[in-house]
Amino acid sequence: MVFINGLWEKMLQTPNIDSPPILSQWVHEGLQPFLVEPKVFACLHAKNIVCETFQNIVAALNDIYSDLPVEEQRRIYSGIKYYLTQDGSNQKCYSAAVPGLNSTAWFENYLGSFLEHATVEDMQLFGDEPTLQKFARDPVNIQLISSLTLLRETAVYYTWLLTSGPGFPLSSVPDRLVCYLSPSAVSNLSRDDALSLAQRITKNCPWNLTHRGITRKRAPSSLPSEELQVASSLVRKFEHFSAEILHALGQAAVGLSVSDIQNNIHDKDLEASIPALGEVRGWNAEQSSTIINKLLSSGYQILDGQSLAKLGSLVAGLNSSTVRNLPPEVILEAIKLPEFVQQMATLPSPLKMAFVEKISSSVGHPADLVKYIPDALASYIPKSLLVFEEEKPSVQDFNSKMWTREQAAMFFNDVIKTEPDFTSLSQSVLQGFTCAAARELDAESLQDLAKAMKEKNVELGEDQLSCLVKMVTLNGIPKDLDNYPKDVLLFLSPSDYAATGSCRQYFAEIGKANLHVLQKESSQRKQLLLEALACLKIPGTQVNTENTEILGRLVCDLGGEYIRSSGGNLLKQLSRCESFLPDQEEAIRSVVIGGNTTFGPPAAWSAFTLNELSGLIPVFDHSILQQIPKKALTVWLKNFAHDSPLSRKQVAAVVQELLPTRHKRADGCPAGKQVTEEVLNDDTMPIYYTPEELRACLKNVSLENHLSQILTYPFSVQQLAVLKENLDETYPDGYPESLLRNLGPLMDFITPKDVAKWKITSADTLAFLLRNEPPNDQASAIIRRYIDLGNPLNATALNAIGTRYVCLLNATDLNMIDPNSLKLASLNLSACSQTTKDILYVKAKRAFSDQHNTPAYYQLIVPYLGGAPGVDLQALSKDNVNMNVSTLAGLRRDALMSLTPSEVQGLLGMNLADLKKWQYKPPIWDWIQVQKQSELNKLQIGLTGGTQEGYINIVTPKFQTPSSAPLGPVAMMFHLLPALLTSFLIMSVLS
C-alpha cells in the first residue's frame with residue numbers, strides 16, 4: 001500500500017493527468033499490475049478519488065478487459081465494487097439533480113465489461129429498483145449488454161428490469177436477453193408478436209447454454225424451466241396448429257402439451273412439420289413418444305435412413321421394439337448422416353441399447369462395429385462384442401470413442417501392442433489398464449505408460465491402481481513420482497515419496513487425488529490421515545487455513561473434534577465432500593449454529609452463502625434452516641438450486657422450511673392460487689402451496705401433460721402424497737403405461753396393490769420404472785408384474801434389472817433367460833444367492849464359449865465366477881488372469897477349498913501379495929487351514945496357519961446341502977476318528 005501511495009502521488013504530478021489518453025497510459029503501464037488487488041481500490045476510496053476520475057480509470061481498464069485472464073477480471077471487478085459500495089450509499093456516482101452525475105449510462109461508465117461478473121445482489125447494492133430500471137433501459141447500457149455474457153441469474157434480473165414496468169417494447173430487448181424473458185413478459189402479446197418472438201428465441205437461444213460461472217446441470221434432453229414457461233405461454237396463444245404455425249414457432253413448439261399434440265394438430269400438418277419439429281430441443285419423453293405414435297398410426301413409414309433421420313430430435317420417441325423391427329439397412333444408412341448422429345446423445349438408455357443391438361447384428365465384423373457406431377452409442381456396446389481376432393479396429397477408431405472402463409479393458413492389450421507411443425492414446429482407452437496386459441511390458445515401457453496416464457489425467461479404479469503400483473515399484477520406488485498419476489500416491493507412503501519431495505508436497509498431492517478410490521472407513525484412508533496430521537505437525541485438533549488447503553480432500557476424513565476446533569476454516573472444503581459420518585454431521589451443525597465463521601450466523605446468510613455451502617445443506621437440521629432468512633432460501637431455490645449437487649429430495653427439505661408449520665384446512669383453492677399452465681411450468685411451484693392448498697387447487701386439474709416436468713420440482717413428502725392422490729383419483733383402474741415412465745419420486749408411495757393394476761408391456765417401461773432405484777420389495781413387485789404379463793427376460797430387460805435387482809429373480813425366472821441375452825447384458829452377481837450364481841454361471845459359460853480360448857474370456861466370465869466349479873477355476877489358473885483377492889473370496893466355498901496353493905498363485909498372479917492382507921478373513925482363512933504349511937511357504941508371502949508336517953488340522957465340517965454327502969458315511973467317519981488317531985500316533989512312535 002505504501003508503494004501504491006507513492007505511485008499515485010507521482011501520477012498526480014504528471015502534466016495533463018486529467019486527460020483520458022494520459023490517464024489511460026498511466027493505468028496501463030503503471031497501475032494495472034496492482035489493480036488486480038482489491039485493497040488498492042480501498043486505497044483509492046480512502047483518497048476520495050472523484051467519480052469522474054474513477055470513471056476514466058474504469059474506461060482505461062475496460063480497454064484491456066479482453067486481454068486479462070478471467071481471474072484478474074474478477075479481482076479487478078471486486079475492487080470496482082468496493083469503491084462503488086463501501087460508503088453505504090445506494091447510488092454512488094449518480095444523482096439525477098447533479099450535472100455530471102446524472103447520466104443513466106451508469107453501467108457503461110462505472111462497470112463496463114466488468115459487469116459480466118456482477119451478481120444480482122451486487123446489482124441491488126448499486127441502486128434501488130427504480131434507479132436500476134432507469135439504468136437498465138438506457139440505450140448506452142443496452143448496447144453494452146448486447147456484447148456481454150452475464151451470469152445467468154444476472155441476465156434474468158436485467159431482463160426483468162427491462163420488462164417489468166410499462167412502456168418498454170419486447171422488440172427492444174437485446175437478442176442475448178430474449179432467452180431470459182419471463183412468462184409474464186410475454187403474456188399480453190398478439191399472435192403475430194408471439195410468432196415473431198418465437199423466431200428470435202429459436203435464432204438466439206442455443207440449447208444448454210452455459211454461462212460463465214454457472215452451468216445448468218440437467219439431462220441432455222431437458223431445458224431450463226424459464227424457457228419452457230415462455231414456450232408454453234407463446235403456444236397458448238393458439239388453439240389449433242397448422243404446419244405454418246408449427247414452423248414459425250420453431251423452438252417454442254417445445255411448449256406444446258400432450259393434449260395439444262393429440263387433439264389440436266391434424267395428421268397431415270404434423271407430418272408436414274416433421275423437419276421443424278425435429279429441430280426442437282428439449283422434448284420430454286411424453287411429448288416425443290406422443291408425436292411419434294401419432295405419426296406412425298397416421299401412416300408415416302420409416303422406409304430408409306433419410307426418413308429415420310428426418311425425425312431429428314423426435315427419434316427419442318421411438319420405442320426399442322420399433323427400432324428392432326426396422327430393416328438393418330435403414331439404420332446403417334441413418335448412422336452415416338450427421339444430422340441423425342447428433343440426436344443419439346439425447347436418447348433414453350433402452351433405445352440406445354436397441355440401436356447398438358441392431359447395428360451390431362448388421363455389420364460383418366466387430367471391428368466394423370467400432371468404426372461405424374456413433375460416438376454417443378459406443379459406451380453401450382456389450383463387452384462380448386469388443387473381442388477382436390485377426391481383424392482389429394485402428395487405434396484412431398478406438399481413440400475417437402468414449403468407452404467405459406470395463407469396455408476399454410477388453411481391448412487394452414490389443415491397443416498397447418499396436419501403438420508403442422502411449423501418449424497418442426485417449427484417456428478413454430488408457431482407463432482400460434489391466435495387469436495382464438501390463439505384465440507383458442518391459443520396465444521402461446511400463447513407466448512410459450504410467451506417465452501417459454498422468455498426462456491424460458486418467459482415473460483408474462482401486463484394483464488397477466494397486467496393480468500399477470506393484471509393477472512400477474518392482475525395481476524400486478521411482479524418483480520422479482510427480483510424473484505418475486496422483487492416485488498412485490494413495491498406495492504409497494511419505495517415505496516412498498522422499499526422493500521426489502517433502503511430506504508436505506506428498507500430502508498436497510494426496511489432497512488433489514481421487515480419494516474416493518479408497519473406501520471412506522478403510523484402514524488405508526485412516527493411515528493416510530494420521531500420517532498427514534503428523535507431517536503437518538498440527539497441534540491438537542485445530543487445523544489452520546494453510547493446512548486445510550494442503551489436506552484438500554483429506555479434510556473429508558477429519559473427525560468431529562477437528563471440525564469443532566477448526567470452526568469456519570473447514571466449512572468450504574467440507575461442502576465439497578460426498579458424505580459424512582454422524583459425528584462429523586453433528587460437529588458441522590455445532591460450528592454453523594455457533595456462527596463464529598467467515599460466513600457468520602445463519603440468520604445473516606444470503607442466497608450466495610447458501611450457494612457456497614450447498615454441499616452442507618443436507619446436514620443442516622430444522623434448527624439451522626429456520627434461522628436462514630426466508631428470502632435467502634427463496635432466492636437460492638430460484639437461482640442456484642438447479643446447479644447445486646443436491647438431489648431433488650434434499651432440495652425439498654429447503655422447500656419444507658418455506659411452508660407454514662401449521663397447515664390450515666383449505667376451504668377451496670385460495671384466491672390467486674389456481675393451478676394454471678404457467679404455475680405448472682414454474683419449478684418453484686412447491687414453495688407457494690401448503691399440502692392442503694395443493695389438494696384443493698388440483699381439483700379437476702389434469703397432471704398428465706406435465707407429470708414428467710413437475711416431478712423434477714422439489715415437492716415435500718406431504719406435497720408428493722397429494723400428487724399421488726390426484727393421480728389415483730384420475731386413474732382408479734391403474735395408471736396408463738405412458739405415465740409409468742414418469743413417476744419419479746412418486747415411486748416412494750407406490751404399493752404392490754398399485755403395481756398389480758399396471759400394464760407393463762415393454763422392457764423400456766421396466767427400465768424407466770427401475771431407474772429410480774426403488775426399494776427391493778417394490779422392485780420385486782414390478783419385475784414380477786412384468787414377467788407375469790408374459791414379457792421376456794431379454795437383454796434390455798436384464799440391463800434394466802441390472803446388478804441391483806438381479807438377485808431378486810427366482811430359479812424359475814433365471815432358467816427362462818436365454819444364454820445369448822447374457823452376451824448383451826452387464827451384471828454383477830456378488831451379492832446374490834449361491835443358487836443364482838450357479839444357474840447364471842452355467843448360462844454365461846455357454847454364452848461366452850466361443851471366446852474360451854481368448855484372453856478376453858476372463859473379463860467376460862469374471863462377474864459369474866461365484867458359481868464356477870473347482871475344475872473350471874483350475875483351468876483358469878493357467879491363463880494369467882490376475883484375479884483380485886476379493887473375487888477369489890467370492891468363489892463357491894467348495895470350489896475354493898479344492899484349489900491348491902499353486903493354483904491360487906496362478907489365479908492371482910500379480911495380486912498374490914494381497915492374499916496376506918486377507919489371510920484372517922473367511923473364507924480365505926478356512927482355505928489356509930486345510931493347506932500344507934510347506935506349500936503355503938512356497939508362495940513366499942508370509943502366510944501362516946496351514947497344516948504342519950505330521951499334524952492334522954481338524955476343521956469342523958459344514959454341511960451346505962443335504963445332497964453334498966450321505967449322512968451315514970459321515971457319521972461313521974466321526975465314529976471311527978478316535979481309533980484312526982490312536983493308530984496314527986502308535987505308528988508314529990514305532991517308526
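Being a predicted model, the structure only gives us computed values, none of them experimental.
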- request: Could you give me the CA-CA distance, side-chain angles and deciding distance for Val651 and Trp636, then say whether side chain to side chain contact (heavy atoms under 4.5 Å, CB included) is met?
  value: CA-CA 10 Å; Val651 176; Trp636 178 81; 4.3 Å; yes
- request: Begin with the C-alpha distance, continue with both residues' side-chain angles, and end with the deciding distance and a verdict on side chain to side chain donor-acceptor pair (under 3.5 Å) for Ser196 and Asp193.
  value: CA-CA 5 Å; Ser196 176; Asp193 287 341; 5.8 Å; no
query: Going through the distances and angles, do Asp128 and Thr131 end up as a side chain to side chain donor-acceptor pair (under 3.5 Å)?
result: CA-CA 5 Å; Asp128 57 26; Thr131 302; 2.6 Å; yes
message: Working note: Gln674 + Thr676, criterion side chain to side chain donor-acceptor pair (under 3.5 Å); need CA distance, chi angles, decisive distance, verdict.
response: CA-CA 6 Å; Gln674 287 76 16; Thr676 63; over 6 Å; no
- request: Quick one: do Lys631 and Val635 satisfy side chain to side chain contact (heavy atoms under 4.5 Å, CB included)? Show the steps, please.
  value: CA-CA 6 Å; Lys631 181 181 178 183; Val635 172; 4.2 Å; yes
- prompt: Does the pair His117 and Asp122 meet the rule for a side chain to side chain contact (heavy atoms under 4.5 Å, CB included), with working shown?
  reply: CA-CA 9 Å; His117 302 283; Asp122 293 345; over 6 Å; no
message: Could you walk me through whether Asp260 and Ile265 satisfy the side chain to side chain contact (heavy atoms under 4.5 Å, CB included) test, starting with their C-alpha distance in whole Å, then the side-chain angles of each, then the deciding distance to 0.1 Å, before giving a yes or no?
response: CA-CA 7 Å; Asp260 286 333; Ile265 305 175; 5.6 Å; no
message: Walk me through whether Glu116 and Tyr77 qualify under side chain to side chain donor-acceptor pair (under 3.5 Å).
response: CA-CA 9 Å; Glu116 286 193 324; Tyr77 166 73; over 6 Å; no
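Residues Pro645 and Gly615 approach most closely at CG-CA, 4.4 Å, considering heavy atoms. The two residues Ser575 and Glu612 make their nearest non-hydrogen contact at OG-O, 3.4 Å. Shown here for Ala243 and Ser273, the closest heavy-atom pair between the two residues is CA-OG, 3.4 Å. Among all heavy-atom pairs drawn from Ser233 and Val186, the shortest one is CB-CG2, 3.6 Å. The two residues Leu151 and Ala118 have their closest heavy-atom pair at CD1-O, 3.6 Å. Residues Ala194 and Lys237 approach most closely at CB-CG, 3.9 Å, considering heavy atoms.
The ring of Trp106 has its center no closer than 6.0 angstrom to the ring center of Tyr94.
Within the cation-pi definition used here (under 6.0 Å to the ring centroid, within 45° of the axis), Lys92 does not qualify as a partner of Phe126.
Expressed to the nearest 0.5 Å, how far CG of Leu249 lies from OG1 of Thr202 amounts to 8.0 Å. In this structure, CG in Asp67 is found 10.5 Å from CD in Glu72, a value given to the nearest 0.5 Å. Taking OG1 of Thr545 as the start and CD of Gln573 as the end, the distance is 10.0 Å to the nearest 0.5 Å. The OG1 atom of Thr104 sits 7.0 Å away from the CG atom of Asn141 when rounded to the nearest 0.5 Å. Atom CG of residue Leu148 and atom OG1 of residue Thr154 lie 11.0 Å apart, to the nearest 0.5 angstrom. Atom CD1 of Ile710 is separated from atom CG of Asp682 by 12.0 Å, given to the nearest 0.5 angstrom.
Between the side chains of Glu121 and Thr119, no donor-acceptor pair of N or O atoms lies under 3.5 Å. Remark: the Ser164 side chain and the Gln133 side chain contain an N/O donor-acceptor pair separated by less than 3.5 Å. A donor-acceptor contact closer than 3.5 angstrom is absent between the side chains of Gln343 and Ser313. Side chain to side chain, Ser190 and Asp192 fail the donor-acceptor criterion of an N or O pair below 3.5 Å. Between the side chains of Arg137 and Ser172, no donor N or O sits under 3.5 Å from an acceptor N or O.
A heavy-atom distance below 4.5 Å is found between the side chains of Leu84 and Phe54. Counting heavy atoms from C-beta on, the side chains of Leu162 and Ile142 come closer than 4.5 Å. A 4.5 Å side-chain heavy-atom check between Leu637 and Asp683 finds every atom pair outside the cut-off. Side-chain atoms of Leu132 and Tyr157, non-hydrogen and from C-beta on, do get closer than 4.5 Å to each other. Val679 places none of its side-chain heavy atoms less than 4.5 Å from the side chain of Tyr688. When side chains are defined from C-beta on, Ser78 does not count as touching Arg75, because their heavy atoms never get closer than 4.5 Å. Taking 4.5 Å as the limit, some side-chain heavy atom of Ser242 sits within range of a side-chain heavy atom of Ile245. Inter-residue side-chain proximity for Asp375 and Val341 is flagged as unmet; no heavy-atom pair is nearer than 4.5 Å.
Side-chain atoms of Gln251 do not come within 3.5 Å of backbone N or O of Ile201 as any donor-acceptor pair. In terms of modelled atom types and a separation under 3.5 Å, the side chain of Trp605 and the main chain of Phe599 share a donor-acceptor contact. Listed for the Glu339 side chain is no donor-acceptor partner under 3.5 Å among the backbone atoms of Gly312. No donor-acceptor pair closer than 3.5 Å links the side chain of Trp160 to the backbone N or O of Ala185. In this structure, Gln427 contributes its side chain and Asn457 its backbone to a donor-acceptor pair below 3.5 Å. No donor-acceptor distance shorter than 3.5 angstrom exists from the side chain of Gln650 to the backbone of Ile617, with no hydrogens or angles considered.
In this structure, Lys203 places its NZ atom where only 12 or fewer heavy-atom neighbours from other residues, nucleotides or ligands lie under 6.0 Å away. Counting heavy atoms of neighbouring residues, nucleotides and ligands inside a 6.0 Å radius, atom NZ of Lys572 does not exceed 12 of them.
A salt bridge links Glu71 with Arg74: the closest approach of a Lys/Arg side-chain nitrogen to an acidic carboxylate oxygen falls below 4.0 angstrom.
Partners of Phe340 by ring pair (Phe, Tyr, Trp, His ring centres under 6.0 Å), not counting sequence neighbours, listed by chain and number: Phe355.
Between Phe715 and Tyr713, the ring planes lie tilted relative to each other; the angle falls in the 30° to 60° range.
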May I have the list of side-chain donor-acceptor pairs in residues 107-114 shorter than 3.5 Å, sequence neighbours left out?
{"from": "Asn109", "atom 1": "ND2", "to": "Ser103", "atom 2": "OG", "distance (Å)": "3.4"}
{"from": "Asn109", "atom 1": "ND2", "to": "Ala105", "atom 2": "O", "distance (Å)": "3.1"}
{"from": "Ser113", "atom 1": "OG", "to": "Asn62", "atom 2": "OD1", "distance (Å)": "3.1"}

